[in-house]
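So the structure is just underneath, and the comments pick up after that.
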Amino acid sequence: MNRLLDDLNEAQRAAVTTTEGPLLIIAGAGSGKTRVLTRRLAHILYERLAEPYQILAVTFTNKAAGEMQQRVASLLGGCIEKLSVSTFHSFCARLLRREAGELGYDTSFTIFDDIDSVSLVKSCITELGVNVNQFAPKAQRRKISNAKNQMTSADVFASSASGYFEETTARIYLLYEKRLRECNGMDFDDLLYNTVLLLKDNKAVGERYRNRFRYVMVDEYQDTNHVQYLMLKHIIGAHHNVCVVGDEDQSIYGWRGADIRNILDFEKDYPGAKVIKLEQNYRSTQTILGAASAVIAHNEARKGKTLHSSGQVGDPVKLLYVDNAETEAAKIVDYIDQGRLDTPLNEMAVLYRTNAQSRAFEEQLRRRNLPYQIVGGIAFYQRKEIKDLLAYLKLIANPLDDVSFQRIINYPKRSLGAKSVGVIMELARRESRSCYQIIANADSYPELAAILRRLMPFVDLVERFRKKHQEMPIDLFAQELVDELKLISILLDEDKTVGRTRVENIEAFIEGAATFARTNGPTTLVDYLESISLYTDLDAYQATEDKVTLLTLHAAKGLEYDSVFIVGLEDGLFPLQRAMDDPMELEEERRLFYVGATRARKRLYLSTASSRFRFGEVMSIPSRFIKEIPEELIDAVNLKTLPTRTHRPTPARSLFGDSTTDAAVPEGVHYEWDNDHAGLRPGRIVQHPTFGRGKIVGADGFGESLRLEIMFTGIGIKKIMAKYARLKVVG
DNA sequence: ATTCCCGACGTTTTT
DNA sequence: CGTCGGGAAT
């Protein structure tokens, strides 16, 4: 009677039809999760259990949200307006746009992206006169972010801080919050944090949303962090109709605060919860699934489930031993080229641990004229030229935004350097106004008399465009701004080599704005900026074009390909060095491997290089994950040339033991290197290029992560990473 | 004020 | 290796 239940297995059908009360769906890789989610949504609507606007469905990426929305629409034969399938962040942004006043923000608040946020932290650090070397803006911002993800306000953080370092972080946090508010800005974390504040503490607002949403659905629940967890708690009404879908084996965002306990403890959190496991894998061959399952079985923190493959046995996992990153790329591109005979390029993907690894593959692919696309890397909207242009738009939309102000007040050059900006900032602080508000009234401040002539054109420009922006579509607006600033010719003059691509990026930006204007009809500048802030490169990715895809393992989550190449499988790279001493982090790396391997439908290739350039040269040994795959599933190919070592050791390398300088690496799999920095132990006297002579007084960690405390004469104790410092043992 | 050069420093993954 | 920031030179 209801075709929504067609071609679903029993577990899937149960998941779709269990609509009332808390429900946990454990969805193994390739088990038809998206299908279940969309059918479930459609089922609720089809059965008239709720109106579209009464359902809240959240995912982690805009792309996933968009796809889900579309699939539900096509299941129900029409477009579903008002169905809010969105990301956590965009849902919160929309809610806050409406309710910002309740928290004392203006509704045109600006969303500070990562870069903006770090630069604000940095200026706070400078303002406090704190040593920037001791308190790196990025690290501080990370701490603030972690705090917010735990719903720890600056005040609470400050009251529990002890010791100089924590107390200083607390001061930075407090000032950062103050400045952020003055800018009428929210960072990414605030979107979630403030939403929780509202839902929790504001009776009227909380009630409104709790009454509205009759059904709540969350995808990728294993990746939710504490704030997101709280947000759900506070938005779910008395009905407790909450359905979460996830897979603890695919939790790979712990470093961003995701708390795997959310999914592990769901049944405790929501008493009476039903649990449905989807264990039938429809994607991969038995071999691939067997390899992935064998590896993940080494993890302790699991609910435990067994995936069954319905596919064929398939080819063995191919394992490549190569000399270095270049040969690795060359050989893999060989395989890609050959594979082209029966697999289209868009069905092949190269997965790596760090973005930096993409370069070698790009080179090889370009050399062979094989089309490719990279997902991720430097996000489009984070490019300098785009950020600059965006800063104009942001300042026009929000004159309180001092961060954007500082970015563009002297770009293009207006002869307003650090000194002038300093004067403006001081005035701003004194008058409790934003920088822009100060210069908009520059003539009433004698301090600005000297630079008045240089300020006026800038104010004039911003004012003219502010008046304009409601009258025209956003792309024309941006175009006029670019023309007015003469950005194109400035970019071309500025830099011969990258100027051209920057201009192209500006053009692409305007193109994107045009698309936005076309699809969203008449919108405000604020809406447009919001959509950009929450946009990621991944959202634009489509595997439809006939191109090989290069992407990180993280970015690959949720995607699938016929052939998958997981490269750089070396201890120290994958798993990363820092994860190797910590069992929890190691488990996360293992899950990452599991995610990667289960992206493959038919063929899985792994590769490991015996030496790889990373800050000078580092020898490496095959990833421990390789050994966790049953041998009978692997077809190993040794492409190493012997003898291997032809390079001369760099200064840093000479610190390592001599075992690596042996000319020939034995045939096959096993080679090791001395992980100790010979002689770098307490008591020794060392020579440092900048600090001079010093005595090692403490050591911590080993190998790559060896940290030393060295007492330098006349300087004091310094903490130094042995792998970076060019230390020489002298006594 | 701007430009250019050098050294320090860091690198995971991203909504 | 690349980026970024600081400092000196123009």
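Scope of the values below: all heavy atoms of this structure, side chains included, with no hydrogens, waters or symmetry mates. Proteins come first, then strands; the chains are lettered A, B, ... in the order of their sequence lines, and each starts at number 1.
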### Task
Round to the nearest Å and state the distance from A/Lys138 atom NZ to C/dC4 atom P.
9 Å
### Query
Would you say A/Phe88 stacks on B/dT15, if stacking means ring centres under 5.5 Å apart and planes within less than 30 degrees?
no
#### Entry: Salt-bridge present (A/Lys557, A/Glu220; N to O < 4.0 Å)
yes
### Query
Can you tell me if the side-chain N/O atoms of A/Arg414 get under 4.0 Å from OP1 or OP2 in B/dA1?
no
### Query
Is the A/Tyr253-A/His554 ring centre distance short of 6.0 angstrom?
yes
### Summary
Of A/Glu585 and A/Thr59, the one whose nearest nucleotide on DNA chain B sits closer to the 5' end is A/Glu585
### Spacing between A/Leu191 atom CG and B/dT14 atom C1', to the nearest angstrom
14 Å
### Task
Look at A/Asn355 and B/dT13 and indicate whether a side-chain polar atom (N or O) is within less than 4.0 Å of OP1 or OP2.
yes
### Message
When you measure from the side-chain N and O atoms of A/Thr552 to the phosphate of B/dT12, is any distance below 4.0 Å, counting only OP1 and OP2?
### Response
no
### Query
Using a cut-off of 4.0 Å on non-hydrogen atoms, how would the nucleic acid contact of A/Arg454 be classed: base, sugar-phosphate, or nothing?
nothing
### Message
The side chain of A/Arg353 is closest to which nucleotide in this list: B/dA1, C/dG2, B/dT12?
### Response
B/dT12
## Note on the structure
Across all chains, not counting sequence neighbours, the ring-ring contact (aromatic ring centres under 6.0 Å, His included) partners of A/Tyr381 are A/Tyr535
## Note on the structure
Across all chains, not counting sequence neighbours, the side chain to side chain donor-acceptor pair (under 3.5 Å) partners of A/Glu177 are A/Lys148
Show each protein N/O and nucleotides 5-10 of chain C N/O combination with a separation under 3.5 Å, one pair to a line.
residue, atom, partner, partner atom, Å
C/dG5, OP1, A/Lys122, NZ, 3.3

### Task
Measure from the side chain of A/Asp114, starting at C-beta and using heavy atoms only, and say which of B/dA1, B/dT15, B/dT12 lies closest.
B/dT15
### Task
Tell me what A/Asn410 touches on the nucleic acid: a base, only sugar-phosphate, or nothing, going by heavy atoms under 4.0 Å.
sugar-phosphate
### d(CZ, A/Phe112; P, B/dT14) in whole Å
23 Å
### Task
Measure from the side chain of A/Lys413, starting at C-beta and using heavy atoms only, and say which of B/dT3, B/dA1, B/dT14 lies closest.
B/dT3
### Query
Which whole-number value in Å describes the distance from A/Glu220 CD to B/dT13 P?
20 Å
### Query
When the distance from CG of A/Asn194 to P of B/dT15 is rounded to whole Å, what number comes out?
21 Å
### Query
In whole Å, what is the span from the CD atom of A/Gln382 to the C1' atom of B/dT15?
11 Å
### Query
Rounding to a whole Å, what distance do you find between A/Leu351:CG and B/dT13:P?
14 Å
### Message
Can you pull out every side-chain hydrogen bond (donor to acceptor under 3.5 Å, both in side chains) where at least one residue sits in residues 412-421 of chain A? Sequence neighbours excluded, please.
### Response
A/Tyr392-A/Arg414
#### Entry: A/Asp187 side-chain N/O to A/Phe112 backbone N/O, donor-acceptor pair under 3.5 Å
no
### Query
For A/Ser420, which contact category applies under a 4.0 Å heavy-atom criterion: base, sugar-phosphate, or nothing?
sugar-phosphate
### Query
Looking at the side chain of A/Thr87, which of B/dT2, B/dT15, B/dT13 is the nearest nucleotide?
B/dT15
### Message
Going by side chain to side chain donor-acceptor pair (under 3.5 Å), name the residues that satisfy it together with A/Glu328, two or more places apart in sequence or in a different chain.
### Response
A/Ser607, A/Arg612
#### Entry: Gap in Å between the two P atoms, one belonging to B/dT13 and one to C/dC4, rounded
15 Å
### Message
Under the rule for ring-ring contact (aromatic ring centres under 6.0 Å, His included), what residues qualify as partners of A/Phe516, not counting sequence neighbours?
### Response
A/Tyr528
### Separation of atom CG in A/Leu576 from atom C1' in B/dT13, rounded to whole Å
8 Å
### Message
On the side chain of A/Trp255, is there an atom forming a donor-acceptor pair with the base of B/dT13 - under 3.5 Å, no angle test?
### Response
yes
